[in-house]
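Take a look at the structure below.
By convention in this document, chain letters (A, B, ...) are assigned in the order of the sequence lines, proteins followed by strands, and residues within each chain are numbered from 1.
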Protein chains: 2
Amino acid sequence: MTGTTDAPRSPGRPRSTRAAEAIIEATLDLLAEGSTIEAISMEAIAARAGVGKATIYRRWPGKDALLRDALRTLKGAPPQPTGHSVREDLILLVGAIGHTIDPRAAKIMPCLLPEAQRSPEHYALCQSIIEPRRAVMREVLRRGVRSGELRADLDIEVTMAMLTGPMLIQRVLNWNPDLDETTMPEKVVDGVLTGIRAH
Amino acid sequence: MTGTTDAPRSPGRPRSTRAAEAIIEATLDLLAEGSTIEAISMEAIAARAGVGKATIYRRWPGKDALLRDALRTLKGAPPQPTGHSVREDLILLVGAIGHTIDPRAAKIMPCLLPEAQRSPEHYALCQSIIEPRRAVMREVLRRGVRSGELRADLDIEVTMAMLTGPMLIQRVLNWNPDLDETTMPEKVVDGVLTGIRAH
DNA sequence: CATTTACGATACGGAACCGTTTCGTATCGT
DNA sequence: ACGATACGAAACGGTTCCGTATCGTAAATG
């Protein structure tokens, strides 16, 4: 995908790294502005990137492949909990929901949903982004159960939904415009924690 | 059901009520199948409804107006709590999330999100559907605070997010395919309730 | 029966887009 | 300098869609 394979010395003009980056950037920008994944146009991407359409088709075989690559760049590493206390770790993780490395991710995600609902491929892509983060939280909860900080009979998957859901609908779906997002992670964690804490 | 306005006796052939219903039905069906609100086509609607395009344009001035009317039919009345216990009422309300009168609503909602994010008009439409249900839950929580069943210092809006979020991401976003939706409302309510209950 | 309007079907002009190709130019290795 | 390749821009044929117009037919009123 990226132009320079190591082995063959390129005989002619090498492909511009800037162009490839500009194309990816333009794609993410357009998605973040609310264009549906299927409503986005190659011509709009090319125009936004200041690039000819041929330059895009020289690198990707079609729109689907380009979108796949663009979305893949959003998969940042999930935040790493400090391991000090379960409460602190959960606040960190809950606060990070919708705060991926790229701030556009939160705006792109809802645009991806309609496709993910029908296309198993896009659904798998979404899950592949979500699952690593879920794994981190799952481990924090298991740790809490082992250490006795959390109830032994805890339903971990439901608990994760209880921690994740409120932030997700607020940050991604903009469910209630009046809520304060900055203090919300702490409130949610404390609310749930008091319920699930062993005594 | 009476398509005919009473006042003027219609001189010619009256408009078919069946056609209008078929058009609305076809629109909702297509949306429920995953078509984005902006990717849907009048020709597809006409074909699905078994109707000529002219029949649509005789009733609605354009696509936007038709979609508005179609979406409006999804606004069923929110469920009414029994008022017996806060826990029972909350389980009822949480269980009803994504279970509107029309089962297609849950599939249509995510398709509406990309538009709602950019267009204030669509956002207002979404909120007008959500807000009445939120009001019911808010009243149940306030009642619980007054009766002493819930803590006096409860943050009602955050609590609603904690109750609504988990079910919403599960039913609408299909967040975790392994979770059991039928037992989830009770688990979520009990989880949150134990945290917010006054002792 | 005559008139009036709606019906489904079909065709139209105009616009947007896709994916490809062709320009003339710019930039590399040799 | 030279050939090779990538570049941005533009045009192409083909498809899809919108909103309108035009068919012949169907269903109401008078």
* Asked: Just how large is the angle between the end axes of the helix from C:dC1-D:dG30 to C:dT30-D:dA1, five pairs per end, to 10 degrees?
  -> 10°
Detail all sub-3.5 Å separations between protein N/O atoms and N/O atoms belonging to nucleotides 6-8 of chain C.
residue: C:dA6; atom: OP1; partner: B:R15; partner atom: NE; Å: 3.4
residue: C:dA6; atom: O4'; partner: B:R13; partner atom: O; Å: 3.2
residue: C:dA6; atom: N3; partner: B:R13; partner atom: NH1; Å: 3.2
residue: C:dC7; atom: OP1; partner: B:S16; partner atom: N; Å: 2.9
residue: C:dC7; atom: OP1; partner: B:R59; partner atom: NH1; Å: 3.3
residue: C:dC7; atom: OP1; partner: B:R59; partner atom: NH2; Å: 2.5
residue: C:dC7; atom: OP2; partner: B:R58; partner atom: NH1; Å: 2.8
residue: C:dC7; atom: OP2; partner: B:R59; partner atom: NH1; Å: 3.2
residue: C:dG8; atom: OP2; partner: B:T55; partner atom: OG1; Å: 2.6

* For residues 76-85 of chain A, pull every pair meeting salt bridge (charged side-chain N to carboxylate O under 4.0 Å, His left out), keeping only residues two or more places apart or in separate chains. => none
* Mind checking what makes side-chain contact (heavy atoms from CB on, under 4.5 Å) contact with A:A124, not counting sequence neighbours? -> none
Distance-only donor-acceptor hits, side chain of residues 163-174 of chain A, under 3.5 Å, sequence neighbours excluded:
residue: A:T164; atom: OG1; partner: A:M160; partner atom: O; Å: 2.7
residue: A:Q170; atom: OE1; partner: A:N176; partner atom: N; Å: 3.3
residue: A:Q170; atom: NE2; partner: A:N176; partner atom: O; Å: 2.7
residue: A:R171; atom: NE; partner: A:E181; partner atom: OE1; Å: 3.1
residue: A:R171; atom: NH1; partner: A:G95; partner atom: O; Å: 2.9
residue: A:R171; atom: NH1; partner: A:I97; partner atom: O; Å: 2.6

* For B:R143, enumerate each residue passing the salt bridge (Lys or Arg N to Asp or Glu O under 4.0 Å) test, keeping only those at least two apart in sequence or located in another chain. => B:D89
* Asked: Please give, in whole Å, the distance from D:dG8 C1' to A:R48 CZ?
  -> 18 Å
* Under 4.0 Å from any atom of DNA chain C, heavy atoms only: list the residues of residues 27-47 of chain A that qualify, in numerical order. => A:I40, A:S41, A:M42, A:E43
* Asked: For B:R13, which residues count as a side-chain contact (heavy atoms from CB on, under 4.5 Å) partner, sequence neighbours excluded?
  -> none
* Short side-chain N/O contact from A:K63 to OP1 or OP2 of C:dC18, under 4.0 Å -> yes
* Asked: Residues in salt bridge (Lys or Arg N to Asp or Glu O under 4.0 Å) with A:D178, at least two apart?
  -> none
* **Between D:dA21 (P) and B:I56 (CD1): distance, integer Å** => 17 Å
* Structure fact -> B:Q117 meets the side-chain contact (heavy atoms from CB on, under 4.5 Å) criterion, sequence neighbours left out, with A:K107, A:P110, A:C111
* Asked: Under 6.0 Å from the six-membered ring centre of B:W175 and within 45° of its axis: does the NZ or CZ of A:R134 meet both?
  -> yes
* Structure fact -> Here the distance between atom C1' of D:dC18 and atom CH2 of B:W60, to the nearest Å, is 17 Å
* Asked: What about A:K53, does its side chain sit under 3.5 Å from the base of D:dG8 through a donor-acceptor pair?
  -> no
* Set of residues satisfying side-chain contact (heavy atoms from CB on, under 4.5 Å) with respect to A:S119, sequence neighbours excluded -> A:E121, A:H122
* Within less than 4.0 Å of OP1 or OP2 of D:dG19, is there a side-chain N or O belonging to B:Y57? -> yes
* Can you tell me how far P of D:dG19 sits from CG of B:L67, to the nearest Å? -> 11 Å
Just list the side-chain donor-acceptor pairs under 3.5 Å for residues 20-29 of chain A, sequence neighbours left out, or say none.
residue: A:E25; atom: OE1; partner: A:R104; partner atom: NH1; Å: 3.2
residue: A:E25; atom: OE2; partner: A:R104; partner atom: NH2; Å: 3.4
residue: A:T27; atom: OG1; partner: A:I23; partner atom: O; Å: 2.8
residue: A:D29; atom: OD1; partner: A:R104; partner atom: NH1; Å: 2.8

* To do: Decide whether B:S41 and B:E43 meet the rule of one side-chain donor and one side-chain acceptor closer than 3.5 Å.
  => no
